[in-house]
Structure formats: structure tokens, C-alpha cells
> 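Encoded as C-alpha cells, here's the structure I'll be asking about.
In the text below, chain A, chain B and the rest are named by the order of the sequence lines, each starting its count at 1. The structure displayed is predicted, hence computed values, not measured ones.
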Amino acid sequence: MTLRRAVKSLLALFRAARLDRELDDEIRAHLELAERDALARGLPPEEARRAARLSFGGVARIREEHRDRRSARWIETLLRDVRYGFASLPRTPGFTAVVTGVLALGVGANVAMFSIVDAVFLKPLPFPEPDRIVRVWEAPRPGVTNNTTTPDFLEWKRQAPEFAALAAEDDIAAALGGRGDPVRLPGKVVTAEYFQVFGVRAALGRTFRPEDAGPLVVLSHAAWQDHFAGDPGILQHRAVLNGEPHQIIGVLAPGAFDRDDTKFWKPLVFTSEHQSKVMHWLTVHGRLRQSVSLAQVRERMRAINAALVTSKPVDDREGTVEVKPLSRVLVGRNLERSIPIVFGAVGLVLLIACANVAGLLLAKGATRTREMAVRAALGAGRGRLFTQLLAETLALCVLGGVAGVALAWLLVEAAGPALAETLPFTAQVSVDWRALCFAGALALGACLLTGAVPALQTSFANLASALNRSGRGSSGDRSRIRRVIVAGEVALSLVLVSGALLLLRSLVNLQRIDTGVEIEKVVTMSTDLPERAYPTPQHAAVFYRAVAERLGSAPGVERVGLATHLPLNWIGNGEGIEIAGVSKLVRVRFKRVDPGYFSALGIPTLSGRGIESRDREGAPRIMVINQALATQLREVAGIDDPVGRVVRLSAPGYIQPGIRTPEVAIAGVIRSERVGPPGMPDFAVVYVPLAQFPAAGVKFLVRTRLDSASVMPAIREAVRQVDPNLPLTGVATMQQVHDRTLSSPSRLAWIFGVFAAVAALLTAIGLYGVLAHAVTQQRRAIGVRMALGARRRDVVSHVLGNALILIAAGLVAGALGAAALTRVMRGLLFEVSALDPFALGAACLSMALVGLLAAFLPASRAARVDPAATLRQDG
Amino acid sequence: MSKQQNEVPYGTLDLLILKTLETMGTLHGYAIARRIEQVAGDSLQLSQGSVYPALIRLEQEGWIATEWGVSETNRKVKFYSLTKAGRKQLLVEVANWEKTTALVARFLGTAS
């Protein structure tokens, strides 16, 4: 069939009435003409009319053939069947509601999940020509990526013509003042080509030019809306950032950047301090020139790096430069691993839902055997009956699909904030036309999956036996299929439940890990110090020391500590120490703390001493190391007692810029506190006195005597006494900080738990349906047995026994499936084997319990059968 | 799908209609049916009505065009004429037909 005809025949469907009318007109005219000719041949009028009709042929047959020819007949039939299917739905409202609900649950969860997968993995990034945007890293060692130094960045920019634009950035934060209380906003300092890299334009004003410097700022569209009420005259105003007025030179057009944390951008101008060759601080993005391939630019960067490497510190010389497409960088390993697994889990939920619906359809089909037999006897072909039954299922699936899309929309709306937190900012999750197409495909798939077997069963029922039967018995085949389906549901649910239990166990293990710090009754907070009032770290240090002193004497406060990094949080600063006689640098994390830090967090000193108040500016340089580093020193350098040892510490900015690796004595060893994500081995950490190496952006840690919340007013007051203009930011209890580090595994466990619960519930419904149906069918048999002396207990145990056989069969199959499938989760588990016998056993037990619970109702109904009544009824 | 109840070999009716329109120009359904009957003489038993399903298909393919006109009995009726595409199609169908008959003829010739 040509395309043209296909279109025409579809159109003909909608114009059927008119085409029929036109054909009738033509036939009438035809007959008249024929009659006239016959009259002209000399036939009498009656004869002439007869002859005309005779030579025309059967009018009804011609009409039928006309309809067949002009349009695809099967479509017409199908539409009629579906329409009939829809019309039949209200006749069984309970059945329709249950099936629609079950399907909506399955389809809804899948469509919502598809929207996430689509947004994260499938859709192109929301920037123009996103394939050309890349992230450029230093890769000092295989598998390690690092930020870049200023000199390297400038060299790359100078020597790589493959980039249409190359920009460096660093994160900052600033308190935006003006109307009302100041708000803390995250922002970035960026070099001039930053917005060209992402292809983002200004809606008002302009973005940066190479000559831009000083207090200039570009606002995101969202920040303009939220903090400046979308004022169109904004470019005439100044924004006060950290107490300093900034000229607003542009507002971005609305777009993906509005979903990012970053609210403002300032020009990044390199000062002489920035020229350090060891300070790896810049994040670099580039946009490739048209027709430049990734391989080409990688080759170029390697060549540039090879030339630069000779002037680098010895330890950085093996390194190379890595260029990765932005789309690959944005999706972290965690998401890459967990999203497919969650998608698989919702897929299983849909399968179970379909199995449930198939079971319900089979049960419904049983009651229609006679109807079908009568129709078949009246001449309906089996094919017709089959398609008609399938069309009824299609109507149900369409309804379920529509409800599912509505559910998906609700889910995505409700999960919005959590999603924004978890997914990369470029992923905008919405139930769009792609999700609708997916929903349509699911509904069709569900229709075939659920409808085919029941429709075959029902339409192929043995005509004679169905008509002869008194409408009481059920076909053995059908109930056997239903039992197989329910056992399958038990098996699939078991896979999900054991998956959920594995994740739960893993979560419990993660929560149980000794963090090395006592976090009860400890609260943390920080402040943003305006650059104008506190231009150098030394100024900030004075402020921090004053606050720490005030806090220490505030009522209800037990201890106060200061640190550049919170406990349990990853330390971004990676440094190295050189030991005499050892060629390799020992990699360490680098943290600055005050004398109160260790005691505020209950970190004990294992040997030597901690940091004390005598470790001031001007006093001899010391450092304290953690146990992990002590162990490493023993292994690498054979140092048994590190206390008193002098090593060279490579940390940019430490002491004076001229000396790259000053000598520092190790004063003591403390027990390791956990750094970074749970489940990782302890990292080697070096602590130096904050007083000897002041920093801005320091965090307070306050251990309170009573409940932290009750002491908060006193804490606020203490800070206000030192500087009344500073708001407290990042106020949180350490328990909250701890929970945050576990948020991604706990979220995953929750999601899985909900799916598993839904699956178990659906399975219970399915099992209940089968057993209840069986009891109804066997009412008479039960009655007879009871009349013959069976006790109620026997009847109940018979029904429960039946259920147990089903459940056991399902559990055996499910255990095999779980063993195979949970293996893909290995990467997400912490100290739990994917074949953990406890999780598998508990899953089996809980599924068996759920199954027996579902069986209990039919069983008790069977026990209530009155033998006299059933036997009489049959009379 | 279609049951082969018409006495004309399946598919040939299209060819006959196209050829008729090519020779005779614009015609209504009755005239087409009559013309085919006349040319065929006794060798063909055609229910005249079967031209109509064929006509709607040819129209959908775009090989013939229709316009409303008035019949000799003063009734509104459709007139059919060959389109450019229809003329091309006719050539194709004639060629196909000749190829088929030639093949069958050769086959029968050698088989006997």
C-alpha cells in the first residue's frame, strides 16, 4: 500500500458516512441509467428495472466491498471493538477500578522513572551544541583527576587552538545585602570566555569581556527574579555583595543555569598570588571548535602537557591531561549505578501488576465462557472473539495508562526538590511528550502481556462443553494458568523484597560505622566574612578567636572548636609530605584546626600531644597526624614512632610563599576521624594549627551541655557581640551532617523499600484473588466434605495448604532469581554480600507471611461454608 | 481479504478501467461499466456494480480524478477521468500484463 493510499484510507475512516452517501447516489444514478437503456431496448418497465438490477449485481455486496476497498477494514473493526470495550467498562465498576488502579501504579512508577532516565541519560544537555562542551582536568596519576594551576591554564589557553573558548572558574559565596536581611548566595568567579563555553547569553546587559575586572557581577535569571523582583531597570542599580557595592552588568536569559546553585558570577582576574605552580584550584571547561574531534584535542593537550611537565614538581611529572565530554562528567558514578537498578525495580513492579491483571482477566473470562460460546455458536469466528476480548483489555490498559500518566506527573511534582538535589542541574525532569510515548508503549505492551492469554483461553473454550455445562464448574486449564501466574508474582516480589532488605542492611551497616567523632550535642555553623571588613586571613583569625572565646564562656556551652573542614565531610585539599630517604611523596588530606577541635569532638590523642594554644603564630611549626597516616608512615618509611619526627610538608601558602616544602615536626598522633563518604577506608590526614596558617571560611563546632537548640540563642548572641552585622550560616547539628553523608544510600533504600512493599501488596491481592475464586468454585466440594465429617480445621488447612504450595513454588523460583539479580547491586552494598542469607531468608519469610495473610480470608470463608445450604442449593 | 467473487481476473479490472478512461476521456461509472461490457462482448461476465469499489481505490491512489456532474437522467453523478499519474500507471500495468502473458504463453508453449 502506498503512503498516499494509507493516508487516504485513514481519512476514509472519518468520512465513512459521506462516502457511503455518495456511493448510494452513484448506485441510484447507475440503476436509472441502466433502466433507461433497457427501456430503450424495448423491455417493459418492470422487466427493465429487473434487468438493471440484475446486471448491476448485489447492491449490499458492492457496498461492503466499497467499504473494504476504501479503508483498512481491520482498523475500523478494531476501533469499533475498542469503543465497545470502553462501553463495557462501567458494567463492572469494581473490576474496572481494581484493574485500572493496579495498572496505573505500574505504569505511573515506570513513566516517572523513565522521565528521570530520559532527563539524566538520554536528552542532550540544555546548551547549544552540547557535544562540543568538555571538561578539562589534570590527571596526575591514573584514575585521579585534579583541578588546574593558573600557569597551566594560561598555557593551555595559549597553545590549544582546538578550543573555541576555554574558561576557568572557582566557587565562591557571598552575602547579598540590600533590602532586608542579607542572604548567602553561592556564586563563581569565572574568566571571560565562561559563558561562551556554555553558549549562554545575557537577556539584559552583557556577559563578561576580557578587560572586565573589579566589582562587577552577572546575575542568573532566577536570582534576578528572586532577589530583585525581576526589576527591568536592574542595570542601573548596584548589588551589595559581602558589604561591597557591585555593578550589575548583565542578567542571563532563563535556562539551565537557573536550576544550578550558582546565582551570580564575578570576573576572575589572576593576581600574582594566583600564579603559584602548586595551587590546583581552577575548574576548566572548554568548547571545541566545529569539526574538532575529542581525539584531536586530547592529542593536543597531551603534547602541551609533555612540554610543561619538565618544569613541574617531581611528583606531578607522570601526569597527563584528560578531556571528557561534559555530559559524561555531570552524571556521577553513584547515579550511573543506581538509576538503572531502580529502573529495573520499577520494571518488575509493572510485571507484577500485569500478572495481577492477567489473573483478574482470567477470572473474569471464566464467568463469560457461556457468553463466548453462544456468540461462537451464532457464527462469530474465533479470531473475532479473540480480537474483541483483546480490545476490551486495551480499553482497560488505555484507562490505566492515562491514570498512570497522572500518577507519574504527581510523583515527579512531589519528588521535585529531592530530584533537584540528587540529579545534575542540567537534568530537568518532566512528564513530556517523550514520557507520554513511553506510557503509550507501556499501555500497549501491558495489553498484550495481560490480554493475550486470557483472550485465547476465553475465546478458544470448547464450545459444546461450555454450552452444556450448567455454568458452575471452571476450566481446569484456566485455574492452572492463574496459579502459575501467582507463583510468578511471588517470585518477582521476592527479588524486590530481598533487594530492599539488602540495601537496608547495607544502610544499617553504614550507620553503624564508627565515625571516630562524638557528635551528640554538637552543633556547627559558620559566617561569611565580608572582604572589606576582613581583607586577609589574619583579620579573619582575630574575629574567629574572639568568637571562640565568647562562645567558650557562653552559658550551656561545654567546648568550642574551629576547623576549615567539618568532621565527616570530605577534605578537598590534597597535599603531600616528603620524608628523608623516601622517594615517593606520601599523599595526605590537609586540615587546619584550633586547640579546641579534638576535645570538642572527643577525638583522643594516641601519642605525643594535640594542638595547643602555645602553637601560635611565630612559635615552632608543628603538625598532628592521624592514625591512618601513622600506619602509612610505618609501612612506607619504617617509622615506628612518628612523634618528634621532622618531615617536609608540601602545602601551598603554608609559612611563606618562597619555601615550597617547609620542615615541620610531628607533635602527636590522634585517632582517625572519618573523612569523606561512609564506607571508604580512612584517609591519611595532617592537622596544622589554625593560628599558624589562618584561613577564611572557618566552621565553628560547639559542644553544648544541654540540648543544642536551647543553647542556640546564646550562641547567636556571642557572635553578635563580636560583629553585630554578621548572619550565621550553615547552622546544623552534627547529627544532621552525619545523616547528610548517608542521604544517597538511605534514599535508595527507601525507594526500593516502597517498590518492594507495592510488589508484595500486589502479589497478596493476586493470591487472594486466586484462592477466593477457588473457594467459590469448590463450595460444593467443601460442603460435601463437611457433610462427610471434615472439620472446619481441615477445610482451613486445606485452603492454606493450597496457598503454601503456590507460595513455596514462587519462593524457590524467586530465590534463584534473587541470587542472579541482586548480584548487579553488589556495587551499591556495604559489607553485605549480594547473597546475604539473612536478607534472603527474611525476604522469604516475609513473603510467606504476606501470602498466608492473603490466604487467611478465603480460608475462613471456606470454613464458614454451610454444608446443608450448599447441598440443598444444588438440589 | 477480498473474496474473489467477481468474474473478472483479479486485478485486471483496474487495467480495464484505466484503459477505458484513456480511450474515452471523462465518463461516469455506468458508462465505464457499459463500455467494458461492450468491448468484452460475451467473453466477460461483469457485475456492473463492481466498478465502484475499483474506482474508489484508483481514486485514492491518485490515478483517476473525479468531479461531480449531471447524468443523462438529470441526476447528480461522479465523472471520472485519468490523471497524469494514472497515465503513467496505465503504461506500467500494460507492460506488466504483457510480460505476464508473454511468460505464460512461453511456458505453455514449451510445456506442450
> Hey, which of D37(A), L31(A), L11(A) has the most heavy atom pairs under 4.5 Å with chain B?
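Heavy-atom pairs under 4.5 Å are most numerous for D37(A).
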> Which distance, rounded to the nearest 0.5 Å, do you find between the CG of L54(A) and the CD of Q48(B)?
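Here the rounded value is 10.0 Å.
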> If you measure from OG1 on T73(B) to CD on E32(A), what distance do you get to the nearest 0.5 Å?
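T73(B) atom OG1 to E32(A) atom CD measures 4.5 Å (nearest 0.5 Å).
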> Applying a criterion of heavy atom separation less than 4.5 Å, what residues of residues 24-31 of chain B form contacts with chain A?
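Against chain A, the residues of residues 24-31 of chain B that fall inside the cut-off (heavy atoms, under 4.5 Å) are H28(B), G29(B), Y30(B).
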> For R36(A), I'd like to know if atom CZ has over 12 heavy atoms of other residues, nucleotides or ligands within 6.0 Å.
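More than 12 within 6.0 Å, yes.
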> With a 4.5 angstrom heavy-atom cut-off, is it the side chain or the backbone of L23(A) that approaches chain B, or both, or neither?
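Just the side chain, heavy atoms under 4.5 Å.
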> Looking only at heavy atoms, which two atoms of V77(B) and A29(A) are closest? And how far apart?
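That closest heavy-atom pairing would be CG2-CB, 3.8 Å.
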> Does CZ belonging to R434(A) count more than 12 external heavy atoms closer than 6.0 Å?
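Buried by this count: over 12 neighbours within 6.0 Å.
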> Once you round to the nearest 0.5 Å, how far does CD of E22(A) lie from OG1 of T66(B)?
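Nearest 0.5 Å value for the CD-OG1 distance: 8.0 Å.
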> Within a radius of less than 6.0 Å around CD of Q38(B), do more than 12 heavy atoms belonging to other residues, nucleotides or ligands occur?
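Buried by this count: over 12 neighbours within 6.0 Å.
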> For S47(B) and G57(A), work out which heavy atoms get closest and say how close.
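Result for this residue pair: CB-CA, 4.0 Å.
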> Which distance, rounded to the nearest 0.5 Å, do you find between the CG of L55(B) and the CD of E26(A)?
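So the CG of L55(B) and the CD of E26(A) are separated by 7.0 Å.
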> Looking at every heavy atom in both I62(A) and G49(B), which two are closest together, and how far apart are they?
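Where I62(A) meets G49(B) most closely, the heavy atoms are CD1-C, 3.3 Å.
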> What residue, out of Q60(B), K78(B), R75(B), has the most heavy-atom pairs lying under 4.5 Å from chain A?
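Looking at each option in turn, the highest pair count goes to Q60(B).
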> Under a 4.5 Å heavy-atom cutoff, which of H66(A), R28(A), H30(A) has the most pairs with chain B?
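Winner by heavy-atom pair count: H30(A).
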